[in-house]
Amino acid sequence: MKLHIVHLYQKEMNIYGDTGNREVLEYRLKSRGIEYKTTIVNVGDDLPMEADIIIGGGGQDSGQFLVQEDLLKKKDQLQKMAKDGVVMLMVCGMYQLFGDKFITSKKEEIKGIDILPITTRAGKKRLIGNVVAKNTYSTIVGYENHSGLTYLKDGSTSLAEVVLGAGNNGKDKSEGCVLNNVFGTYMHGPVLSKSPELADELLRRALKRSSPAYKLEKIDDSLEIEARKVAVNRPR
Ligand code: GLN
């Protein structure tokens, strides 16, 4: 049993520790004795078809412009992989680009690749600070800093409900989006370091495809839970 993690655009799209999401996944696999390999895919690199988990981070609008053309070239392949159930976690800037588009504050359009049913346009002020959101299996906490306001298209599902902070748009209490095995969120931090349940949800879904009989065993999450407590209680 071996999982293949692919990290998209580590150079251009990596702010507020988003690369740590990869490290958390690697650590949680290593702790359970599960083998893995990691491939970094930057602009111009081929995207391996046999990935099990793909992660992408946040970035300035300028970073999003830098990857846009390359991402559009990878659109068909990523759409196919998403349909096949490859697990994906996209944060902030990459989350926006997994929707249909992001209209920046200068009214420029950055085209997305239409994997998540979301659309994004810049609001008048940046949304900055810690976010706390809940879903059925986790309290998720992270740091948001975005101008983009994201709206879920009809019938689509958010990742979690906002308890504190803005989340997708500061209005409807939705945070992130999930479609099949594709997850998007505004939470940096890295988000998985303080949500072991979300990290394991991703691993469980990935392992289910490659080794359906495997049951993910529990590991000691006391430090992660302590870190979450501190983050939840930090003023915004
Ligand atoms: N540039 C985007 C925005 O401001 C994404 C920011 C981010 O990834 N933190 O909305």
Side-chain angles (χ1 to χ4, degrees), residues 7-24 40-43 54-72 74 78 88-133 140-153 158-160 162 164-178 182-195 198 231 234 236:
H7 188 169
L8 263 185
Y9 308 132
Q10 182 191 16
K11 250 200 305 205
E12 298 83 359
M13 301 298 285
N14 170 33
I15 50 174
Y16 310 121
D18 289 337
T19 287
N21 287 327
R22 188 187 87 215
E23 290 166 3
V24 171
I40 313 281
V41 172
N42 283 314
V43 169
I54 304 182
I55 68 153
Q60 316 294 343
D61 297 5
S62 54
Q64 292 173 294
F65 275 113
L66 285 177
V67 302
Q68 174 185 216
E69 196 186 325
D70 188 77
L71 185 64
L72 290 172
K74 294 179 167 60
L78 281 164
M88 305 188 190
L89 172 68
M90 297 296 143
V91 179
C92 202
M94 284 300 288
Y95 167 45
Q96 295 171 344
L97 298 186
F98 265 51
D100 65 353
K101 58 178 173 294
F102 170 36
I103 310 280
T104 72
S105 51
K106 294 180 186 143
K107 305 275 175 277
E108 296 157 315
E109 177 175 333
I110 308 179
K111 281 195 176 57
I113 55 170
D114 272 315
I115 289 183
L116 288 172
I118 57 168
T119 190
T120 305
R121 59 177 157 71
K124 290 206 167 57
K125 64 170 177 42
R126 293 194 77 77
L127 303 170
I128 305 173
N130 265 9
V131 193
V132 180
I140 309 173
V141 54
Y143 176 76
E144 65 181 337
N145 183 352
H146 52 110
S147 66
L149 305 175
T150 293
Y151 293 91
L152 302 172
K153 296 188 181 171
S158 66
L159 168 65
V162 173
L164 175 83
N168 280 334
N169 51 56
K171 289 203 183 79
D172 63 17
K173 299 235 169 268
S174 68
E175 206 304 305
C177 182
V178 183
V182 182
F183 292 67
T185 179
Y186 268 112
M187 293 194 240
H188 302 281
V191 63
L192 296 184
S193 65
K194 296 183 272 343
S195 180
L198 178 59
R234 254 187 202 153
R236 195 171 145 82

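Atoms within each ligand, like the ligands themselves, are counted from 1 in listed order. What you see is a predicted model, and the numbers here were worked out from it, not measured in a lab.
Ring-plane geometry between His146 and Tyr186 is classed as parallel, the angle between the planes falling under 30 degrees on a 0 to 90 degree scale with a further cut at 60.
In terms of protein heavy atoms, atom 3 (C) of ligand 1 is closest to Ser147 N, 3.4 Å. The nearest heavy-atom contact from the protein to atom 7 (C) of ligand 1 is Cys92 SG, 2.7 Å.
Taking only nitrogen or oxygen atoms, main chain and side chain alike, Gly59 reaches within less than 3.5 Å of ligand 1. Checked against a 3.5 angstrom limit, the closest N/O atoms of Gln60 and ligand 1 fall outside it. Taking only nitrogen or oxygen atoms, main chain and side chain alike, Tyr16 does not reach within less than 3.5 Å of ligand 1. Considering both main-chain and side-chain atoms, Gly148 comes within under 3.5 Å of ligand 1 through a nitrogen or oxygen pair.
The neighbour count for Arg234 CZ, taken as heavy atoms of other residues, nucleotides or ligands under 6.0 Å away, does not exceed 12. Counting non-hydrogen atoms of other residues, nucleotides and ligands closer than 6.0 Å to CD of Glu108 gives a total above 12. Atom NZ of Lys171 sits in a sparse spot, with 12 or fewer heavy atoms from other residues, nucleotides or ligands closer than 6.0 Å.
Residue contact check: His146 has heavy atoms under 4.0 Å from atoms 3 (C), 4 (O), 10 (O) of ligand 1. In summary, the atoms of ligand 1 found under 4.0 Å from a heavy atom of Arg126, numbered by their order in the structure, are 4 (O). Which parts of ligand 1 touch Gly58 is read off a 4.0 Å heavy-atom cut-off, strictly below it: atoms 8 (O).
Side chain of Glu144 to backbone of Ala166: a donor-acceptor contact under 3.5 angstrom is found. Side-chain atoms of Asn14 do not come within 3.5 Å of backbone N or O of Gly57 as any donor-acceptor pair. Looking at Asp18, its side chain never comes within 3.5 Å of a backbone N or O of Gly56 through a donor-acceptor pair.
Remark: among candidates Leu149, Asp61, Val91, the nearest residue to atom 1 (N) of ligand 1 is Asp61, based on non-hydrogen atoms.
Neither the backbone nor the side chain of Met13 comes within contact range of ligand 1; no heavy atom lies under 4.0 Å. By the criterion of a heavy-atom distance under 4.0 Å, neither the backbone nor the side chain of Tyr186 is placed next to ligand 1.
In this model, a donor atom of one side chain and an acceptor atom of the other lie less than 3.5 Å apart for Thr185 and Glu175.
Heavy-atom separations between Tyr95 and ligand 1 are all 4.0 Å or longer. Residue contacts with ligand 1 do not include Met94, since none of its heavy atoms lies under 4.0 Å from the ligand.
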Query raised in the report: Does the salt bridge (Lys or Arg N to Asp or Glu O under 4.0 Å) test come out yes or no for Asp100 and Lys153, once each step is laid out?
Result: CA-CA 10 Å; Asp100 65 353; Lys153 296 188 181 171; 3.0 Å; yes
